[in-house]
There are 2 protein chains.
Amino acid sequence: MTRVRNGHDAHGAGVTRAQRAVLAALAAEGPFVSAQDLHAQLRGAGEGVGLTSVYRALQALADAGEVDVLRTPSGEATYRRCGSDRHHHHLVCTSCGTAVEVEAPALERWVRQVAATHEFAVDSHTLEISGRCRTCARD
Amino acid sequence: MTRVRNGHDAHGAGVTRAQRAVLAALAAEGPFVSAQDLHAQLRGAGEGVGLTSVYRALQALADAGEVDVLRTPSGEATYRRCGSDRHHHHLVCTSCGTAVEVEAPALERWVRQVAATHEFAVDSHTLEISGRCRTCARD
DNA sequence: ACAGCAATGAAAACCGTTTTCAATCGAACG
DNA sequence: CGTTCGATTGAAAACGGTTTTCATTGCTGT
Ligand SMILES: [Zn+2]
Ligand SMILES: [Zn+2]
Ligand SMILES: [Zn+2]
Ligand SMILES: [Zn+2]
């Protein structure tokens, strides 16, 4: 009777080889990285993982809530393994890419309230703040 | 001595033919629309405007702050002519596309404050709420 | 060993957007 | 008018990120 068959399983963290590789690479990362960056990084590290598999792994992990997805202003998707499992937002440095996770109950409350005011049933919301972190604040 | 030469001029609204066409089409629109949708719409209405020009016009108008840009979750850029000139956010209906503009001084203050707490110099921020408007709230 | 199915990845297809470039338009000047 | 010259236009090609296709490979249970 089926054991740890690939595809789904014990709360779904890193089941396939590609997923494990991606998770490992993300673990060491601070900033949000794109699929292509990840692929290049894995290639460089000897890990033979095809670009297609990187995309597939990231998609699966994102669906499973294991990684956070963030769209760059140019529309490119970037990924990160965040510390918190709970809903949160980000403060990202446009220079070094570092991201700070921030939880804001007051904001969440506000969102629900303004939606209610306009009689909207909220599906989701996004809030991202971008700027320069202290160390990158040269200029 | 040079008169209304194209390229720049009286507070920059709709100088080129393409820009005028785009602005006219957007004026009649409630929801955010993509460049391609706009192009199709203009084509359908007999307005002969090339797709390239639609992209260029939208870019110019967005740069001039005449239209708001919103990225769909899939990364596609959508545009809308908003009522307010001031900084604001949106509440968008995932079904009919209608958007409500919302100004939130308290939120803006909060953003600046949380950034300060983490010693970030804020460049920009985005906040979008998506859900179902009242009329679309069928199920 | 064998059958069956999921995982893999190279190559091709996709899709929104940008670039290229030759044709066209239109104001300015003689 | 006719010419000039920069701005505008748009078809076609290039681009860049992502998804699909499909043949191969690797496991798992029999
Ligand atoms: Zn930084
Ligand atoms: Zn939130
Ligand atoms: Zn609606
Ligand atoms: Zn704001």
- prompt: Roughly how many Å is it from CD in A/Q36 to C1' in D/dG16, rounded to a whole number?
  reply: 7 Å
statement: Separation of D/dG16 atom P from A/H39 atom NE2, nearest Å, is 17 Å
task: Using side chain to side chain contact (heavy atoms under 4.5 Å, CB included) as the criterion, point out the one residue from A/T126, A/V102, A/D68 that pairs with A/H90.
output: A/D68
message: Using the side-chain heavy atoms of B/T52, tell me which of these nucleotides is nearest: C/dG9, D/dG10, C/dT17.
response: D/dG10
message: Classify A/G48 by what it touches in the nucleic acid, base, sugar-phosphate, or nothing, heavy-atom distance under 4.0 Å.
response: sugar-phosphate
message: Measure CZ/A/R43 against P/C/dT8 and give the value in whole Å, please.
response: 13 Å
message: With a 4.0 Å cut-off on N to O distance, would you call B/E76 and B/R71 a salt bridge?
response: no
- prompt: Just to confirm, is there a sub-4.0 Å distance from OP1 or OP2 of C/dT8 to any side-chain nitrogen or oxygen of A/T16?
  reply: yes
- prompt: In whole angstrom, what separates A/L42's CG from C/dG9's P?
  reply: 11 Å
message: Any side-chain N or O of A/S53 below 4.0 angstrom from OP1/OP2 of C/dA7?
response: no
- prompt: For B/R71 and D/dT18, what is the distance between atoms CZ and P respectively, to the nearest whole Å?
  reply: 12 Å
- prompt: Given D/dT18, C/dG9, D/dG10, which nucleotide is nearest the side-chain atoms of B/V49?
  reply: D/dG10
- request: Mind calculating the distance between CZ (B/R56) and C1' (D/dG10) to the nearest angstrom?
  value: 7 Å
Pair B/E119 + A/R132, salt bridge at N-O below 4.0 Å: no
field: Residue-phosphate contact under 4.0 Å: B/Q19 side-chain N/O, D/dT8 OP1/OP2
entry: no
Nucleotide D/dG16, atom C1' - distance to CD of B/E76 in whole Å: 16 Å
message: Is it the case that D/dG26 (base atoms only) and A/R17 (side chain only) share a donor and an acceptor within less than 3.5 Å, ignoring hydrogens and angles?
response: no
task: Answer yes or no: is there an ion pair linking A/E47 with A/R17, defined by an N-O contact shorter than 4.0 Å?
output: no
- request: Tell me whether the OP1 or OP2 atom of C/dT18 has a side-chain N or O from B/Q59 closer than 4.0 Å.
  value: yes
task: For A/L51 and D/dT18, give me the distance from atom CG to atom P, rounded to whole Å.
output: 9 Å
message: So, applying side chain to side chain contact (heavy atoms under 4.5 Å, CB included) with B/V22, which one of B/T16, B/V67, B/L38 is it?
response: B/L38
- request: Verify the contact: side-chain N or O of B/Y55 to OP1 or OP2 of C/dT17, cut-off strictly under 4.0 Å; return yes or no.
  value: yes
